[in-house]
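Okay, so here's the structure we're looking at.
Proteins come first, then strands; the chains are lettered A, B, ... in the order of their sequence lines, and each starts at number 1.
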Amino acid sequence: MAIRSFLILFLLFFLSSLHPILSLYEDQVGLMDWHEQYIGKVKQAVFHTHKTGRKRVVVSTEENVIASLDLRHGEIFWRHVLGPTDVIDGIDVALGKYVITLSSGGSVLRAWNLPDGQMVWESTLQGPKHSKSLLLVPTNLKIEKDNVVLVFSYGRLNAVSCTDGEVLWKKDFEAESLEVQQVIQCPSSDLVYIVGFAASSQFEMYQIDASNGELLKHESAAFSGGFLGEVSLVSSETIVALDSTGSILLTISFRNGKISFQQIPISNLVEDSLGPAVIIPSSVTGIFAIKMNAITMFIRVMGEGKLEVVEKTNHETSVSDALPISEGQQAFALIQHAGSEIHLTVKLAHDWDGNLLKESIKMDQQRGLVHRVFINNYIRTDRSYGFRVLIVMEDHSLLLLQQGAIVWSREDGLASIIDVTTSELPVEKDGVSVAKVEHNLFEWLKGHMLKLKGTLMLASPEDIAAIQSMRLKGSEKSKMTRDHNGFRKLLIALTKAGKLFALHTGDGHIVWSHLLQSLHKSEACQHPIGLNLYQWQVPHHHAMDENPSVLVVSKCGPSSDISGVLSFVDTYTGKELGSLTLVHSIVQVIPLPYTDSTEQRLHLLIDADKHAHLYPKTPEAIDIFQHEFSNIYWYSVEDDNGIIKGHVLKSKCTGEVADEFCFDTRELWSIVFPSESEMIIASVTRKSNEVVHTQSKVIADQDVMYKYISRNLLFVATVAPKASGKIGCVTPEESWLVVYLIDTVTGRILHRVTHHGSQGPVHAVFSENWVVYHYFNLRAHRYEMSVIEIYDQSRADNKDVWKLVLGKHNLTSPISSYSQPEVITKSQSYFFTHSLKAIAVTSTAKGITSKQLLIGTVGDQVLALDKRFLDPRRSVNPTQAEKEEGIIPLTDSLPIIPQSYVTHSLKVEGLRGVITVPAKLESTTLVFAYGVDLFFTQLAPSRTYDSLTEDFSYALLLITIVALVAAIFVTWILSEKKELQEKWR
Amino acid sequence: MEKGKGVMGSGRRWAVDFSDNSTAPSSRDIPDPPGFTRASVDQDDSNLTRQKKDAEANWKAQKAWEVAQTPFKNLLMMGFMMWMAGSTVHLFSIGITFSALWQPISALQGVGKVFEPYKDNKVDLLGPKLLFIALNLGGLALGVWKLNTLGLLPTHASDWVSSLSPAQEVEYSGGGISLQ
């Protein structure tokens with residue numbers, strides 16, 4: 001018995017040593033993973049190039065990032081990603097050493113140390129009412145030797161000390177319904193003007209003493225025409241605005257506190273009427289720009305309110321703000337598009353006709369138009385001024401132009417990915433060119449010499465560094481062909497800018513990028529919004545001669561009944577194969593599990609009138625579809641009114657236009673949640689491409705449980721409407737969380753469970769026969785994760801071995817949701833430390849490998865958690881058999897093992913989503929996490945049991961084989977000799 | 001015989017085989033010398049030989065029963081070893097189980113050979129053979145039982161359904177929250 005127990009102990013030890021360890025060694029970082037840092041579309045840029053040393057530009061972006069970039073290479077010196085609600089309103093540099101940011105609608109003012117990005121101070125500003133927030137860092141304005149920052153927010157003007165963030169004085173503008181437009185500092189005096197509109201037709205001007213916040217003067221004047229949108233500052237005491245119809249230009253001067261209007265109809269300036277005008281906001285002295293349809297006009301303000309058109313162009317034009325250069329002179333940059341080139345012009349504000357600089361730069365068509373321009377100057381060796389220009393393009397990329405060339409560019413569109421899908425790479429064609437091999441032969445030999453040195457521990461530190469860089473830059477992993485293990489793929493990402501990127505999974509480089517024409521603003525489509533990506537065509541049989549393609553679904557505006565746009569993009573080349581502007585809207589896209597003979601997937605598009613449209617529109621597709629017609633259902637989750645509806649296809653559309661590909665649908669069932677007690681906050685289904693290996697689960701003592709595996713299961717979570725807000729706003733008694741498992745064909749509720757005293761946000765993931773969800777438990781004041789597993793009880797009596805041996809069972813026969821199988825569920829809850837941003841589950845090619853949950857934590861990292869920890873069969877004291885099965889003793893909280901962070905030491909700032917793609921190798925799955933940053937890695941949830949690991953010692957294997965062969969030879973010779981001697985004796 | 005051959009094989013120049021081949025004249029390849037008749041010798045002491053032969057047959061029968069019982073000891077030893085090995089699958093238990101399976105099988109294959117020396121017209125070998133076979137089958141059964149306790153035999157429903165792929169579904173349903 002003692003021996004037995006010893007053996008068991010030994011076995012347990014053996015098993016525990018098999019427990020998958022995810023951590024990696026220092027030198028493995030970057031081998032299979034890559035990490036890219038982005039900042040998003042730049043909103044504002046402030047250059048800091050005065051001092052000697054590192055030249056930098058501080059930017060704020062639409063992804064709520066502030067970053068300091070190296071002007072030489074465009075690298076990030078430091079970066080802070082503020083939360084999704086902390087929108088940056090303004091940035092500036094104060095005292096030459098602090099970056100001041102105003103964010104959260106003007107309520108948070110922060111100062112960051114310019115060289116290293118450390119936060120120096122933060123102050124919270126409040127005020128009586130919501131308003132536009134403006135930040136002004138006045139030059140040499142001092143209050144008691146303190147430099148001051150002026151902030152207008154929440155209807156209050158605050159003067160904040162630069163050194164410690166203390167509010168020195170504040171002035172409320174609560175009485176009036178003031179819509180502030182500008183805070184203007186008078187040069188050469190301590191006066192500050194605040195100008196704005198009140199009641200849409202009243203112009204208001206306040207003159208304030210900046211040293212103590214005293215109101216010196218308040219003037220207002222009415223203008224019957226009203227005002228429209230933005231204003232342009234043309235001097236410190238003059239602004240230009242448009243009337244509400246956009247046809248009259250108003251020059252408003254408030255010199256010495258006296259307001260005077262000058263009205264000039266645009267028709268006086270240009271002969272032909274071109275529709276309503278829009279002011280392009282800028283702050284160049286004496287010049288402003290307006291845009292009328294495609295025409296941009298530059299207008300000079302002469303004295304006495306006279307206006308003069310200096311340039312009229314129908315090229316797309318962007319203007320920078322004014323840059324003060326010596327002695328009151330201001331320069332500004334102008335960028336115009338002309339075909340495949342852009343023309344950069346730098347002019348002095350008072351001298352339109354003379355150019356300081358005129359350059360033409362070739363520009364990639366895929367970057368679209370120039371959206372923003374920021375100018376900076378430097379002094380050349382011959383003491384003349386040189387200019388560098390930072391431009392933000394339509395695809396959100398950031399480029400630095402200097403001396404007629406693009407110095408660097410950043411693809412910051414990748415910071416705002418909407419959807420990601422994957423595509424295979426081309427199949428490797430036979431025949432490798434000999435020249436390529438010969439060229440690399442020397443390199444190859446050198447590499448192997450180095451590796452040998454490394455193996456024999458003869459390598460010097462430099463050699464080790466060289467080996468490491470060779471490992472990281474291996475040409476094998478960034479090859480443009482499919483590999484045997486399926487590690488090399490293309491990640492197709494759709495960004496907010498309407499650009500499609502193909503990233504190589506090997507090293508993350510951009511293979512191609514394409515600014516979708518269908519997502520370009522046009523007459524028919526005013527505000528195109530990219531929605532989703534679907535795999536349109538994935539050729540397997542025709543892999544050699546057909547290219548895979550993706551479907552990009554977008555629509556023309558934010559409302560739900562606006563027409564949709566489809567475009568098809570070849571994933572090998574990035575060419576747009578075609579695009580369709582649909583007559584109907586797109587509310588839902590349902591990829592059907594059927595493909596036609598060219599392996600195009602059939603898609604069902606549901607419009608706002610609940611008609612179903614079949615794509616591709618081919619006779620073959622309709623044939624396939626008709627065949628399965630009666631078995632296709634669809635459901636809609638209307639989260640705004642708490643209804644889930646199931647629909648079935650009825651017949652061909654009975655519209656005025658005969659459309660073979662349009663189908664009427666009929667409502668089949670509906671689940672109405674009582675609006676006073678439940679509100680839908682989350683719904684999750686299984687991924688349609690998930691592969692499940694088996695329907696049975698073998699538990700301890702060779703018992704079997706049959707999983708209830710259905711693609712038509714929907715997980716829905718509802719909360720009490722009161723508890724839909726932030727955590728802590730309700731008591732546990734008045735909040736509850738109810739989760740449902742619903743069959744989407746029949747509308748049958750398979751399972752329902754209520755968590756009293758819990759609330760959202762709920763993050764959930766559905767896979768195989770289980771769902772894991774994360775929520776907040778108000779009673780325990782902790783986050784919780786729960787798991788529900790569903791088993792098919794009606795199959796449980798399939799226990800006769802002989803029937804199974806002879807195949808006399810119905811386990812593999814097709815099942816219908818209408819058969820209403822009896823299901824049982826098992827569930828369990830655990831505490832979890834982190835709040836979540838995203839949750840996903842690993843998926844492998846055959847579904848044999850055990851699963852891991854990939855949890856995007858609040859710290860922007862991705863944590864891998866074994867599904868075994870979320871097993872409802874866990875108990876405090878598992879029996880011997882259960883232990884052997886791998887059941888972990890129950891604990892109240894889920895362990896967070898520091899080594900199991902997939903992102904190791906890196907952060908995926910602003911994490912929004914995690915996707916997993918199976919590799920061809922069953923043990924391995926590819927993980928892509930995106931947010932502001934991108935991160936990619938390979939994971940092997942049960943370790944790489946089907947391949948040798950990277951650190952496998954081939955040398956040892958070879959040496960062993962050689963030694964064995966040698967030993968065989970030696971012993972053979974010896975035995976021969978001995979035998980001969982014996983014979984001669 | 002064996003020894004002689006072995007010695008011959010390892011390089012001796014000559015050797016004499018003293019063993020008596022007279023009982024099996026067919027195996028002789030050298031003809032008898034002229035004037036020598038084997039039959040006359042046999043006839044001379046036929047009485048004596050008959051007695052001798054009876055004794056030999058008895059002895060053989062006794063021996064055959066002894067041989068037939070040998071697997072019993074083996075069986076006991078195997079049982080002990082199996083109990084030692086426990087019921088979990090690892091190298092030791094698998095080794096023992098497979099040797100427990102292999103031994104009876106190889107013994108059953110060589111039943112004829114085992115009883116070869118005791119083959120005699122007067123000796124009834126059927127009983128010992130049957131006992132031998134029965135005991136070995138018992139050993140085999142023990143091995144199979146062990147295999148089963150290790151869980152290596154597909155005797156449970158789980159062994160037949162563990163890789164059964166999920167059943168196909170008739171209906172297909174898609175949808176969700178409408179695209180924003």
When A:S683, A:S813, A:S710 are compared by non-hydrogen pairs under 4.5 Å with chain B, the top option: A:S710
Interatomic distance, B:L179 atom CG to A:I529 atom CD1 [nearest 0.5 angstrom]: 11.0 Å
Gap separating the OG atom of B:S178 from the CD1 atom of A:I586, nearest 0.5 angstrom: 12.5 Å
Residue part contacting chain B, namely of A:L811, when any heavy atom lies under 4.5 Å: both
Which of B:S93, B:A167, B:G176 touches chain A most, by non-hydrogen pairs under 4.5 Å: B:G176
Distance-minimising heavy-atom pair for B:P166 and A:H693: CD-O, 3.9 Å
Structural part of A:R686 lying under 4.5 Å from a heavy atom of chain B: neither
pair A:I815-B:E169: side-chain heavy atoms closer than 4.5 Å: yes
When A:A608, A:S816, A:S630, A:G847 are compared by non-hydrogen pairs under 4.5 Å with chain B, the top option: A:S816
Heavy atoms of other groups near A:Y534 OH, more than 12 under 6.0 Å: yes
Gap between atom CZ of A:R711 and atom CD of B:Q168 - 0.5 Å precision: 10.0 Å
Side chain / backbone / both / neither for A:D743 at chain B, heavy atoms under 4.5 Å: neither
Shortest non-hydrogen separation from B:Y172 to A:I590 and the atoms involved: CE2-CG2, 3.9 Å
Validation row: A:Y818, B:V170 side chains within 4.5 angstrom (heavy atoms): no
A:L604 versus chain B, the contacting section by heavy-atom distance below 4.5 Å: neither
Part of A:N712 lying under 4.5 Å from any heavy atom of chain B: both
Engaged part of A:K555 at the chain B interface, taking heavy atoms whose separation is under 4.5 Å: side chain
Close approach to chain B in residues 631-638 of chain A, criterion heavy atom under 4.5 Å: A:N631, A:I632, A:Y633, A:W634, A:Y635, A:S636, A:V637
Atom CG of B:L76 with >12 non-hydrogen neighbours under 6.0 angstrom: yes
Side chain A:T744, main chain B:S173, donor-acceptor under 3.5 Å: no
